[in-house]
Novice: 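There's a structure below that I have some questions on.
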Amino acid sequence: KYRYRVRSIAIRIRTSTYADLFFLAFRGGNPVFPNLRKLYWTFHETHDLSLLRAFAAPSLDTISITSKISDTVREAFTNLTNLNIETLYATTIEELCESAPGLQKLSLHGFFPLRRHGSQLIMQAISTHCHQLKELCVDATLMASSQALQDLASLTSLHTLVLRDCSLSH
C-alpha cells in the first residue's frame with residue numbers, strides 16, 4: 001500500500017483539505033503513514049491539532065509544527081473551553097513525543113504569546129519524552145523561565161538549539 005511508502009509529508013491545513021484530512025485522521029487507531037520519518041505541519045485553527053495526532057508515527061525523526069492561530073482565536077478558545085491554548089499545545093506536543101521515541105529534530109514556531117506556565121508545560125513535555133532529541137528550534141518565549149533551561153539540561157543528546165527562526169529544511 002502507498003501509505004506505507006510515505007516517508008516525508010508537508011501539510012498546510014486549508015478549508016479545501018480539511019475534510020480529507022479529517023477522514024484520514026479518524027479512520028482508525030494506527031498512524032495514517034506508519035513509516036513516516038518527517039512531518040511538517042502548519043495549522044490555523046485549534047481543532048487542527050487533533051488531526052496532527054493521527055500522523056504521529058513511531059518512525060518520526062523530524063517534526064516541524066507552525067501555528068498560525070491568531071490572537072482572536074486564542075482568546076475565543078480559552079473563553080469557550082475549560083482549557084487554554086497553552087494546555088492544548090503542551091498535551092499535543094507530549095503525545096507526539098511519546099509516539100515518536102526516536103525523534104531527533106523538533107521545531108515549534110508560532111507558539112506565542114505564551115504565559116510562563118504554558119512555556120513550562122511545553123518544555124517539560126519535550127524534556128520528559130524526547131530523549132533522543134538532537135536539534136530543537138523554538139520561539140524564544142518557550143525559553144522564558146529558568147525551569148526551561150533545567151529541562152534543556154536533561155536532554156543529553158541535544159547539540160543544537162535554535163531560538164526564534166524555526167524552519168527546518170524539508
Side-chain angles (χ1 to χ4, degrees), residues 1-70 73-74 77 81 83 85-112 114 118 121-139 142 151 155-162 165-170:
K1 289 184 170 187
Y2 174 75
R3 66 188 203 95
Y4 290 95
R5 293 192 312 245
V6 175
R7 299 290 188 269
S8 178
I9 191 165
I11 298 175
R12 179 176 236 159
I13 298 183
R14 298 187 176 150
T15 307
S16 60
T17 60
Y18 187 80
D20 293 333
L21 286 172
F22 180 84
F23 288 114
L24 273 175
F26 293 104
R27 65 174 197 4
N30 297 324
V32 175
F33 302 110
N35 297 317
L36 192 63
R37 297 196 49 148
K38 298 179 184 342
L39 174 62
Y40 302 90
W41 188 272
T42 301
F43 66 99
H44 295 83
E45 303 290 336
T46 54
H47 59 268
D48 297 342
L49 280 173
S50 62
L51 300 178
L52 175 60
R53 293 176 177 127
F55 292 85
S59 55
L60 279 169
D61 62 28
T62 301
I63 299 175
S64 177
I65 305 171
T66 302
S67 171
K68 301 269 185 170
I69 294 178
S70 68
V73 171
R74 286 175 222 255
F77 179 81
T81 68
L83 293 173
I85 193 76
E86 297 161 350
T87 304
L88 181 63
Y89 284 157
T91 56
T92 301
I93 299 305
E94 183 173 29
E95 288 176 15
L96 283 172
C97 292
E98 284 177 342
S99 299
L103 188 64
Q104 295 180 21
K105 294 181 182 181
L106 178 62
S107 173
L108 304 175
H109 185 62
F111 287 70
F112 58 87
L114 289 175
L121 288 174
I122 292 172
M123 290 307 299
Q124 184 178 35
I126 293 169
S127 67
T128 302
H129 300 287
C130 297
H131 304 291
Q132 302 299 316
L133 200 63
K134 294 181 180 178
E135 182 178 327
L136 177 62
C137 184
V138 295
D139 296 314
L142 286 177
D151 290 336
L155 297 171
T156 57
S157 296
L158 189 69
H159 62 74
T160 303
L161 174 64
V162 179
D165 181 15
C166 295
S167 53
L168 294 174
S169 60
H170 293 254

Novice: Between L136 and M123, which heavy-atom pair has the shortest distance, and what is it?
Specialist: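 It is CD2-CE, 4.1 Å.
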
Novice: Going by heavy atoms in the side chains, are P101 and Q132 under 4.5 Å from each other?
Specialist: no

Novice: Looking at side-chain heavy atoms only, is the closest gap between L52 and L39 below 4.5 Å?
Specialist: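 They are in contact (side-chain heavy atoms under 4.5 Å apart), so the answer is yes.
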
Novice: Please name the pair of heavy atoms, one in Q124 and one in D151, separated by the smallest distance, quoted to 0.1 Å.
Specialist: N-OD2, 3.5 Å

Novice: Between H109 and D139, is there a side-chain heavy-atom distance shorter than 4.5 Å?
Specialist: yes

Novice: Mind checking whether F43 and S67 have side chains closer than 4.5 Å, heavy atoms only?
Specialist: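 A side-chain contact exists here, since the closest heavy-atom pair is under 4.5 Å.
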
Novice: Might you point out which heavy atoms bring C130 and C97 nearest each other, and give the distance in Å?
Specialist: SG-SG, 2.6 Å

Novice: So which heavy atom on L155 is nearest to which on S127, and how close?
Specialist: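 Answer, listing the atom of L155 first, then S127: CD2-CA, 3.8 Å.
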
Novice: Determine whether a donor-acceptor pair (N or O, by modelled atom type, separation under 3.5 Å) exists between the side chain of R7 and the backbone of R37.
Specialist: no

Novice: If I compare all heavy atoms of S8 with all of Y40, which pair ends up nearest, and what's the gap?
Specialist: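 Result for this residue pair: OG-CE1, 4.0 Å.
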
Novice: Is there side-chain contact between R5 and N35, with heavy atoms separated by less than 4.5 Å?
Specialist: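 A side-chain contact under 4.5 Å is absent here.
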
Novice: Which value, rounded to the nearest 0.5 Å, describes the distance between K134 atom NZ and L106 atom CG?
Specialist: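 K134 NZ to L106 CG: 15.0 Å, rounded to 0.5 Å.
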
Novice: What distance do E94 atom CD and S99 atom OG have between them, rounded to the nearest 0.5 Å?
Specialist: 10.5 Å

Novice: Would you check if I65 and I93 make a side-chain contact, meaning some heavy-atom pair closer than 4.5 Å?
Specialist: yes

Novice: Using the side-chain contact (heavy atoms from CB on, under 4.5 Å) rule, pick out the option among L96, T62, I63, I126 that qualifies with L103.
Specialist: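 That would be I63.
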
Novice: How are the rings of F55 and F33 set to each other: parallel, tilted or perpendicular (split at 30° and 60°)?
Specialist: tilted

Novice: Hey, what do you get for CZ (R3) to CD1 (I9), rounding to the nearest 0.5 Å?
Specialist: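 Separation between the atoms: 12.5 Å.
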
Novice: Give the minimum heavy-atom separation between K38 and D61, together with the two atoms involved.
Specialist: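 Here K38 and D61 meet closest at NZ-OD1, 3.5 Å.
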
Novice: Counting distance only, does the side-chain N/O of S59 pair as donor-acceptor with the main-chain N or O of L36 below 3.5 Å?
Specialist: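 Indeed, once roles are kept as given, a pair shorter than 3.5 Å links the two residues.
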
